[in-house]
Each structure stands twice: as structure tokens, then as C-alpha cells.
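As the structure is a computational prediction, the values presented were derived from the model and not from experiment.
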Amino acid sequence: MSNIVSIAVFASGSGSNFQAIQEAIECGELNAKIELVVTDKPGAYVVERAKAKGIPVLALSPKDFGSKEAFEQAILAKLQECEVKWIVLAGYMRLIGETLLNSYNSKIVNIHPSLLPSFPGKDAIGQAMEHRVKVTGVTVHFVDAGMDTGPIIAQRAVAVTDGDRVATEQAIHAIEHDLYKEALQATLK
Ligand code: GAR
């Protein structure tokens with residue numbers, strides 16, 4: 001495989017998107033290498049998933065740092081040591097600050113479980129259900145200083161199963177796992 005792009009995956013939760021990305025790499029659908037998983041939640045299940053795949057983890061609690069800048073400087077030092085070229089957010093539930101934005105200008109992407117600009121922020125699926133929308137979806141976008149803003153790379157619609165949150169969540173996750181690998185393959189250079 002040529003032109004393998006070094007990436008870091010940032011996650012705060014279960015890490016099913018991390019797993020889908022890693023499996024896409026393993027089966028040759030995505031020309032990338034996950035050099036590092038970064039989490040702001042040392043107890044998150046993504047840590048187990050990364051260890052099972054033999055991928056190094058940087059787990060840092062923001063509360064152990066005096067400022068967001070200090071927290072991101074610690075992350076940045078490790079990203080540079082690992083020669084990471086792109087940051088891939090996969091359920092990372094924290095706004096990216098200036099330190100990382102300046103160093104990874106236009107090289108940070110995110111996935112969000114709605115058709116942005118609808119339902120940014122936390123619990124996008126819950127927000128969609130509350131509004132009783134019939135169609136929601138998934139968005140992959142470049143990251144800027146805003147909350148789930150930034151130019152859109154790819155979107156896919158998902159029908160909402162009437163009032164059934166679990167079914168809707170499952171449908172969204174299945175689409176996410178497909179769409180992210182395709183969008184990454186088209187975007188990472
Ligand atoms: C995903 O649905 C992702 O789109 C969402 O968190 C979930 C993480 O799932 N991200 C956001 O809401 C970002 N604003 P995972 O840990 O199983 O990959």
C-alpha cells in the first residue's frame with residue numbers, strides 16, 4: 001500500500017467508529033495508519049478496543065492540567081513525536097482549542113450523528129427524536145473553532161424509526177461506520 005497517511009483518532013466513549021476505521025485499514029479500504037488513540041476519558045471503552053488492536057493510547061484528564069492550552073500542548077507533543085498528519089475525531093466530546101487548530105490547520109475531521117447544521121452539540125439523536133423529524137443522518141466535516149461547524153465533506157440520510165431511539169441509533173451507527181471510512185479515504189492526503 002502506498003501513501004499511507006499517519007492519523008490519530010480522538011475518542012471519549014465506546015469507540016465503535018475507531019474500530020470501524022481500524023478494520024477498514026486492516027482490510028485495505030483506507031490508506032492510513034492509526035499511530036495513536038487520544039482520549040480525554042481514561043476509563044472509556046475505546047481504550048480497551050485500542051489495546052486489543054495494539055495501538056498506543058494517550059489518556060489524559062483535562063482536570064489534571066491548569067488550562068486547555070496546557071492540556072492540548074501535552075497532546076500536541078505526543079502527536080508530533082508520532083509524526084501524526086491528521087486528527088480524526090470519533091466521538092470526541094470536547095471542543096478543539098487554538099493550540100491544536102493552529103498546528104493542524106484544515107487537518108482535523110469530525111463525524112456527527114445528524115445532518116448538520118441541524119442538531120449540533122450533545123445528544124444529536126435525542127434532539128432529532130424530540131423534534132420528531134422523519135429523517136436525520138450523519139455528517140463528516142472539517143473542524144473549526146465552533147461546535148460541529150466547519151465545511152461539510154460528506155452526509156448521508158437515515159430514516160428515523162418512529163419513536164424508537166435504539167433502532168435509530170443502530171441505523172445511524174451503521175451508516176457512520178461506512179461513511180467515515182469512505183470520507184477519510186477521499187480526504188486524507
Ligand atoms: C458517534 O455517534 C459520533 O457521531 C458522536 O459520538 C458517537 C461516538 O460513538 N459524536 C458526536 O456527537 C460529536 N459531536 P463511538 O464511540 O461508538 O464511536
Side-chain angles (χ1 to χ4, degrees), residues 1-40 44-46 49-50 53 55 75 79 82-96 100-101 103-125 127-128 133 135-160 168-189:
M1 226 193 294
S2 59
N3 299 325
I4 294 173
V5 181
S6 293
I7 66 174
V9 174
F10 285 34
S12 307
S14 147
S16 72
N17 279 284
F18 152 75
Q19 180 105 15
I21 293 165
Q22 177 57 22
E23 286 169 2
I25 290 170
E26 286 168 10
C27 69
E29 290 178 325
L30 176 56
N31 284 358
K33 178 170 184 230
I34 304 177
E35 304 286 353
L36 187 67
V37 166
V38 175
T39 186
D40 59 334
Y45 186 56
V46 68
R49 292 191 198 254
K53 293 287 187 186
I55 295 172
I75 295 173
L79 295 177
C82 298
E83 299 188 13
V84 165
K85 296 286 180 283
W86 284 79
I87 295 173
V88 174
L89 307 184
Y92 185 69
M93 304 308 276
R94 188 168 293 279
L95 272 182
I96 298 294
L100 289 174
L101 284 172
S103 298
Y104 282 88
N105 183 23
S106 301
K107 299 265 184 188
I108 309 177
V109 291
N110 181 42
I111 190 160
H112 184 75
S114 75
L115 292 175
L116 290 171
S118 291
F119 313 133
K122 287 195 176 141
D123 194 19
I125 299 172
Q127 293 182 54
V133 298
V135 176
T136 183
V138 174
T139 303
V140 177
H141 64 96
F142 288 102
V143 171
D144 61 14
M147 170 80 76
D148 299 316
T149 52
I152 288 170
I153 298 168
Q155 285 186 311
R156 200 165 289 166
V158 177
V160 175
T168 303
E169 232 163 42
Q170 280 172 352
I172 283 185
H173 277 300
I175 296 291
E176 285 189 329
H177 299 163
D178 241 31
L179 188 67
Y180 216 3
K181 68 183 177 197
E182 289 173 23
L184 289 172
Q185 178 64 7
T187 306
L188 302 182
K189 297 274 174 331

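- In this structure, Q19 and S14 have side chains that are not in contact, with every pair of non-hydrogen atoms separated by 4.5 Å or more.
- Atoms CG and CD1, from N110 and I153 in turn, are 9.5 Å apart once rounded to the nearest 0.5 Å.
- Between M147 and L95 there is a side-chain heavy-atom pair separated by less than 4.5 Å.
- S12 and D40 get closest at one heavy-atom pair: OG-OD1, 2.8 Å.
- Summarising the geometry of A124 relative to H112, their closest heavy-atom pair is CB-NE2, 3.4 Å, with the distance given to 0.1 Å.
- Residue L36 comes nearest to L79 through the heavy atom pair CD2-CD2, 4.0 Å, listed as atom of the first residue, atom of the second, then distance.
- For the atom pair CD of E23 and CZ of F18, the computed distance is 9.0 Å after rounding to the nearest 0.5 Å.
- Side-chain contact between Y104 and I96: absent, with no pair of heavy atoms (C-beta onward) separated by less than 4.5 Å.
- Under the 3.5 Å distance criterion, the side-chain polar atoms of T139 are left unmatched by any main-chain donor or acceptor of Q155.
- Around atom NZ of K189, more than 12 heavy atoms belonging to other residues, nucleotides or ligands sit under 6.0 Å away.
- Closest approach of N17 and A90 over heavy atoms only: CB-CB, 3.8 Å.
- Under the 30°/60° scheme for interplanar angles, the aromatic rings of F10 and Y92 are found to stand perpendicular.
- Checking each of V38, V109, V9, I108 against L89 for a side chain to side chain contact (heavy atoms under 4.5 Å, CB included) leaves exactly one that passes, namely I108.
- To the nearest 0.5 Å, atom CD1 of residue I111 and atom NE2 of residue H141 are 9.0 Å apart.
- Expressed to the nearest 0.5 Å, how far CE of M93 lies from NZ of K122 amounts to 6.5 Å.
- When the shell of 6.0 Å around CD of E26 is examined, it contains more than 12 heavy atoms from other residues, nucleotides or ligands.
- The shortest heavy-atom contact between A44 and T39 is CB-OG1, 4.2 Å.
- Using a distance-only test at 3.5 Å, with no hydrogens or angles considered, no donor-acceptor pair links the side chain of T136 to the main chain of A128.
- Judged by distance alone, the side chain of D148 and the main-chain N or O of G121 form a donor-acceptor pair under 3.5 Å.
- V138 has its side chain out of reach of Y180: every pair of non-hydrogen atoms, C-beta onward, lies at least 4.5 Å apart.
- Annotation: the span from R156 atom CZ to L179 atom CG amounts to 4.5 Å, rounded to 0.5 Å.
- Here the straight-line distance linking atom CD1 of I87 with atom NZ of K85 works out to 12.0 Å at 0.5 Å rounding.
- Between I7 and I21 there is a side-chain heavy-atom pair separated by less than 4.5 Å.
- Two residues are said to be in side-chain contact when any heavy atoms from C-beta on lie closer than 4.5 Å; K53 and R49 fail this criterion.
- With S6 contributing its side chain and K33 its backbone, the two residues share no donor-acceptor pair below 3.5 Å.
- Closest non-hydrogen pair, W86 versus T187, comes out as CZ2-O, 3.7 Å.
- E176 and H173 form a side-chain donor-acceptor contact under 3.5 Å, judged by distance and modelled atom types alone.
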